[in-house]
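To start, the structure under review is shown below, and the notes come after it.
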Amino acid sequence: MADSRPAISDVTADALFEMRDDGFRRELVRGEVRTMTPTGGLHGVVVAKITIALGQYVDAHHLGCLLGAETGFKLAAAPDTLRAADVSFVRRERIPESGIPEKFWPGAPDLAVEVLSPDDRVREVDDKVDDWLRSGTREVWIVSPHRRSVTVHRVDVPPVTLRETDQITGGECLPGSLCRVAAFFPVAP
C-alpha cells in the first residue's frame, strides 16, 4: 500500500501543526519541512532578556501582542511557508477580532526578532529575513550574542547595525526609544 503521508516537500501548515507534539522545532519553507535543533544557554538568556524588555514596553503602552519564541506565522500558501521568530510582535489593530489564534498566526508579525545561534548559516538567515519582509513584516532584528549587536532590517532601506551603547527603537511598530542594546545581553560575570 502506498504511503498516504504528504511528501516532505508537500507539507501544509495544518499538517505541520499536527506534528508539533514530538518535541522538535520546525518551520515550513515553500512546503518543505525544516527541523531545528534546540538552542543553547546563551541564546536562551538573550531571548528571555529581549522578551522582558519588549514585553514591558508593549504592555506599558498598550501597543499589541508580544509573542514568545517559536510562535508560527503562516506567511504564504500553496506551497505553504510558516516561519517562527525567537520573539515577535503584532500591533493591537492587527489582532483578529476573533482573538489570538490558537493555531498558527495568519500573516506576518510587525516585528520579528531572530537571535543567532552558532550553527546558523548566513544564507539561511538572509532567506528568513527576506521571507519576513516580503510577507509584510515591517522590521526584522538579527541579534548577535557574540558581537553583542542588533542589525535592523526594513524594506527598501539598508540594514543598520547597532552596538551595545546604542538605543534601539521599534520604528513604526514600537514608537519611541525602547532601551540600550546592552539590555539584551547578559552582564559579564
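- One distance of note links OG1 of Thr81 with NZ of Lys74; it measures 9.5 Å at 0.5 Å rounding.
- When side chains are defined from C-beta on, Val181 does not count as touching Thr165, because their heavy atoms never get closer than 4.5 Å.
- Leu75 approaches Ser135 most closely through the heavy-atom pair CB-OG, 3.3 Å.
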Under 3.5 Å, side-chain donor or acceptor atoms of residues 153-160 against the rest of the protein: list the pairs with distances, not counting sequence neighbours.
from, atom 1, to, atom 2, distance (Å)
Arg154, NE, Glu139, OE1, 2.8
Arg154, NH2, Glu139, OE1, 3.0

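- By the criterion of side-chain heavy atoms lying less than 4.5 angstrom apart, applied directly or through intervening Ile, Leu, Val, Met, Phe, Trp or Tyr residues, Leu178 is grouped together with Phe184 in one hydrophobic cluster.
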| task | In sequence, state the C-alpha distance, the side-chain angles, and the governing distance for Leu162 and Ser149, and then conclude on side chain to side chain contact (heavy atoms under 4.5 Å, CB included). | result | CA-CA 6 Å; Leu162 304 172; Ser149 66; over 6 Å; no
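- Between the side chain of Thr71 and the backbone N or O of Leu67, no donor-acceptor pair lies under 3.5 Å.
- Taking the side chain as every heavy atom from C-beta outward, Thr161 and Val150 never approach each other to under 4.5 Å.
- By the 4.5 Å heavy-atom criterion applied to side chains, Ser88 and Leu111 are not counted as neighbours.
- Considering Asp127, Thr137, Asp131 as possible partners of Arg83, the one that fulfils the side chain to side chain donor-acceptor pair (under 3.5 Å) test is Asp131.
- Put simply, the side chain of Asp110 gets close to the backbone of Arg91: a donor and an acceptor are under 3.5 Å apart.
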Which pairs of donor and acceptor atoms, one on a side chain in residues 49-65, lie under 3.5 Å apart (sequence neighbours left out)?
from, atom 1, to, atom 2, distance (Å)
Thr51, OG1, Val47, O, 2.8
Tyr57, OH, Pro175, O, 2.1
His61, ND1, Tyr57, O, 2.9

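- Between Val90 and Pro109, the shortest heavy-atom distance links the atoms CG2-CA, 4.0 Å.
- Relative ring orientation between Phe73 and Trp132 is described as perpendicular, the plane-to-plane angle rising above 60° on a 0-90° scale split at 30° and 60°.
- Hydrophobic clustering, with ILVMFWY side chains joined whenever heavy atoms are under 4.5 angstrom apart, keeps Val129 apart from Ile168.
- Within the 3.5 Å criterion, the main-chain N or O of Asp120 finds no donor-acceptor partner in the side chain of Ser117.
- Between Leu42 and His146 the shortest side-chain heavy-atom distance falls below 4.5 Å.
- No more than 12 heavy atoms of other residues, nucleotides or ligands sit less than 6.0 Å from atom CD1 of Ile100.
- Of all heavy-atom pairs between Arg148 and Pro145, the closest is CG-O, 3.3 Å.
- In this structure, SG in Cys173 is found 9.0 Å from CZ in Arg94, a value given to the nearest 0.5 Å.
- Counting heavy atoms from C-beta on, the side chains of Phe185 and Val143 come closer than 4.5 Å.
- No donor-acceptor pair closer than 3.5 Å links the side chain of Asp126 to the backbone N or O of Glu124.
- Note on Val125 and Val140: same hydrophobic cluster, where clusters join Ile, Leu, Val, Met, Phe, Trp and Tyr whose side-chain heavy atoms are under 4.5 Å apart, directly or indirectly.
- Using modelled atom types, one side-chain atom of Asp86 and one backbone atom of Val115 make a donor-acceptor pair closer than 3.5 Å.
- Contacts classified as side chain to side chain donor-acceptor pair (under 3.5 Å) and involving residues 169-179 (residues at least two apart or in different chains) are given here: Arg138-Glu172, Gln167-Ser177.
- For the pair Lys128 (side chain) and Ala84 (backbone), a donor-acceptor distance under 3.5 Å is present.
- No side-chain heavy atom of Trp141 sits less than 4.5 Å from a side-chain heavy atom of Val87.
- Remark: Arg180 CZ is loosely packed, at most 12 non-hydrogen atoms of other residues, nucleotides or ligands lying under 6.0 Å away.
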